[in-house]
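Throughout, numbering of the chain's residues begins at 1 and tracks the sequence.
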Amino acid sequence: MSGNSLGFWANSLIFLMTALLVPRLLGGIGWSDVGLVLVVVGAATVARALVLFGLLPLLSGAGLAQRVSHAYKTVMLWGGLRGAVSLTLALAVTENGRVPDRVQGFVAVLVTGFVFYTLFINGTTLRAVINLLGLNKLSPVEHAMRNRALALSLAGVRERVEGLAHRYEVDEQAVGSIVSQYSDRLDAIVRERSTEAPLNNEDRVTIGLVILVNREEELYYEHFREGILSRGVAELLNRRTGRLLDAVKAQGRAGYRAFEEPFISFTPWMRVASLLHRRLGIHAPLARRLAFRFEILLGVRTVQRELLEFINDKVGQVLGTDVACELEGILTVRLAMVEQALAALKLQYPDYALILQSRYVSRAALRLEEADYRALFAESIISQEILSDLQRDLDDRRRALDALPKLDLRLDLMDLVGRVPLFEGLEGDRLRGIATLLKPRLVLPGETIVRRGERGDAMFFIASGAVEVLVPGLDEPVQLGTGEVFGEMALLTRQRRNADVRAMGYCQLLVLDVRDFHRLVKKDASLRAHLQSVAEARRNPPPKPAEAVQEVVTPVADLPAVVEAPAAESAQARG
């Protein structure tokens, strides 16, 4: 039984109990009781009016609530109906033997009278109030939108009717009257559109955004029915689209953009879970948040791409190609934000992201598999018993997919240091000596780690997280993730940095300070000789602007022969 059915029967039961119990308490009602009921009605109306016309404007002015017109406030004031909940509370008092009879009668009279007043007075006149305020009529913008959509639909239906008549070889006289009806209606709409005020560009963009948000909600529901999105993710995304729709109606494109940016950013719960994992080694909360965030981002990305196709196929025909181009631009910016957040997640947790992607695809595959089994059953190829057995197997595999995989971000420092081309071929003792110099550093999202033009004083290992390298001359930033390094040239020369490096999310870095490294080089002649041989083997001219990223992307760096600087410092120290 659905929730709506349960609600209906619960309300019916409450009113049935009221009909049995309350009449005996209302037997001695007098005019004084009627006056008390009117006092309660007046007090409730004044209280609602103070909230709607006093408190709500203050909240709207502070940006904490959507602005509501006086007409809608009036309808909200008059439509304050009371029913099952109020009667239930009253019955709880009247059936409590410890409450005096006088109090029971007082409560029963006031509550029942107030409920009946709202049902038979407010309820029966609410439609008239709406009509009186003109809220049942379309606004000029909605009326123009209605005519555009109707014209498009009538033209399409007329063409399809003509096509069907030609396909089935229907006589023109038989189909002519039907086609002429649609033609007459279409001509009437065209004449009406010629007299109405044209929509300005901003109104059309707002209408387009409302259409997109409504379509987005429908797509999330479709993906949930197909088993691609889980229930929790689908519910969250649908709640978000409801709030997004309110923002668009209130502020247009500005509301659309302002609402989306906080959604893509890391939530406070994500930050707490990341801190628990980093500081205390508790991985379960972070694993749940990562899986949830990953599924959300994948779902949003899929729907955004479908909306881009929807703009080209449908919205442009109704609102015009110019508005369609603007909507496409707005949606492209939003899609880029989602893509960047997904890229940061994959870079920060590469192995875990692969597992999550596999689970996402597996869930979709199970849904396709189930659809095939049901199609075979519908065609009588398999029996009900076979279908039930296959369904049990699918359920078992779904439960296995619901179990979160273990999140393991432990890094082998020796292996991490050994991956750096500068230290390639070093013995274990020397790699261990370099690893002991690494110092942890937590970087916040958006924080600049390396600035272009400053002197290099350290190199960085990404233990957890993702960064982007902003290189002048390159159209797109270079993204680095867990296990990669940048700033290696600082170990060989104190030349100025030639790119900015910025954190894409919370990053745990391991920092190798130049001074600590040089002290180690001075003490170890073999390490110094190794660095000199590496630099000699990779001697190259200075990088061109397009190759400037090589200073920070270590795996492709070409190191000039500048390790003589540490050697010279060592000689001076000996001198």
Side-chain angles (χ1 to χ4, degrees), residues 204-224 226 228-230 233-234 236-248 251-267 270 290-349 353 356-357 360-361 364 445-446 466-468 470 474-479 481 502 504-505:
R204 288 189 293 156
V205 169
T206 300
I207 292 172
L209 290 175
V210 169
I211 294 173
L212 290 181
V213 175
N214 286 325
R215 179 59 181 162
E216 182 176 352
E217 184 176 9
E218 294 173 359
L219 289 173
Y220 288 141
Y221 180 69
E222 289 180 10
H223 289 311
F224 166 68
E226 293 172 357
I228 298 175
L229 291 180
S230 64
V233 170
L236 183 143
L237 291 175
N238 281 326
R239 288 196 302 269
R240 185 191 64 86
T241 52
R243 295 192 298 271
L244 179 58
L245 183 61
D246 292 337
V248 170
Q251 305 175 38
R253 75 172 80 196
Y256 188 91
R257 289 170 174 165
F259 186 88
E260 189 59 28
E261 291 181 4
F263 171 74
I264 298 300
S265 61
F266 285 98
T267 64
M270 186 75 172
L290 283 176
F292 201 62
R293 177 175 173 80
F294 189 84
E295 187 177 353
I296 287 173
L297 292 174
L298 278 180
V300 173
R301 184 181 68 175
T302 301
V303 168
Q304 295 309 304
R305 290 176 175 174
E306 292 175 342
L307 287 177
L308 286 173
E309 297 178 1
F310 178 71
I311 290 175
N312 296 326
D313 295 341
K314 299 292 184 182
V315 179
Q317 299 179 23
V318 178
L319 297 175
T321 56
D322 55 337
V323 173
C325 290
E326 289 195 51
L327 294 175
E328 188 174 349
I330 294 173
L331 213 59
T332 301
V333 172
R334 182 181 171 194
L335 181 59
M337 294 168 56
V338 176
E339 294 277 11
Q340 184 179 22
L342 263 175
L345 185 62
K346 293 178 182 178
L347 287 170
Q348 186 168 2
Y349 309 100
L356 294 178
Q357 290 178 81
Y360 185 84
V361 176
V467 301
E468 56 182 2
L470 308 175
L474 293 185
D475 295 334
E476 297 290 337
V478 178
Q479 297 177 343
R502 186 171 58 200
M504 299 175 64

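At least one side-chain heavy atom of Ile211 sits under 4.5 Å from a side-chain heavy atom of Phe310. At a threshold of 4.5 Å between non-hydrogen side-chain atoms, the residues Arg502 and Val467 do not count as touching. Taking the side chain as every heavy atom from C-beta outward, Glu468 and Leu470 approach each other to under 4.5 Å. Counting only heavy atoms from C-beta outward, the side chains of Leu297 and Glu339 never approach each other to under 4.5 Å. Residues Asn312 and Glu309 form no side-chain contact, since every pair of their non-hydrogen atoms from C-beta on lies 4.5 Å or further apart. Contact of the Leu327 side chain with the Leu307 side chain is not registered, since no non-hydrogen atoms from C-beta on lie closer than 4.5 Å. Contact of the Tyr256 side chain with the Val213 side chain is registered, since non-hydrogen atoms from C-beta on lie closer than 4.5 Å. Residues Glu326 and Arg253 have side chains in contact (heavy-atom distance under 4.5 Å, counting atoms from C-beta outward).
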Using the side-chain contact (heavy atoms from CB on, under 4.5 Å) rule, take Leu335 and Leu308 through it: C-alpha gap first, then chi angles, then the decisive distance, then the call.
CA-CA 10 Å; Leu335 181 59; Leu308 286 173; 4.0 Å; yes
Go through Thr332 and Gln304 one step at a time and tell me if the side-chain contact (heavy atoms from CB on, under 4.5 Å) criterion holds.
CA-CA 8 Å; Thr332 301; Gln304 295 309 304; over 6 Å; no
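Atom CG of Leu331 and atom CD1 of Ile311 lie 5.0 Å apart (nearest 0.5 Å). Residue Asn214 holds its CG atom at 11.0 Å from CG of Leu219, rounded to the nearest 0.5 Å. Expressed to the nearest 0.5 Å, how far CG of Leu229 lies from CD of Glu222 amounts to 11.0 Å. Between Arg257 atom CZ and Leu209 atom CG the span is 9.0 Å, to the nearest 0.5 Å. Atoms CG and CE, on Leu342 and Met337 in that order, are 12.5 Å from each other to the nearest 0.5 Å.
Under the 4.0 Å criterion applied to side-chain N and carboxylate O atoms, Glu216 and Arg334 are assigned as salt-bridge partners.
The only option from Leu244, Leu212, Thr241, Leu237 that meets the side-chain contact (heavy atoms from CB on, under 4.5 Å) definition with Glu217 turns out to be Thr241.
Shown here for Tyr220 and Gly299, the closest heavy-atom pair between the two residues is CE2-O, 4.0 Å.
Judged purely by distance below 3.5 Å, without hydrogens or angles, the side chains of His223 and Glu218 never pair a donor atom with an acceptor atom.
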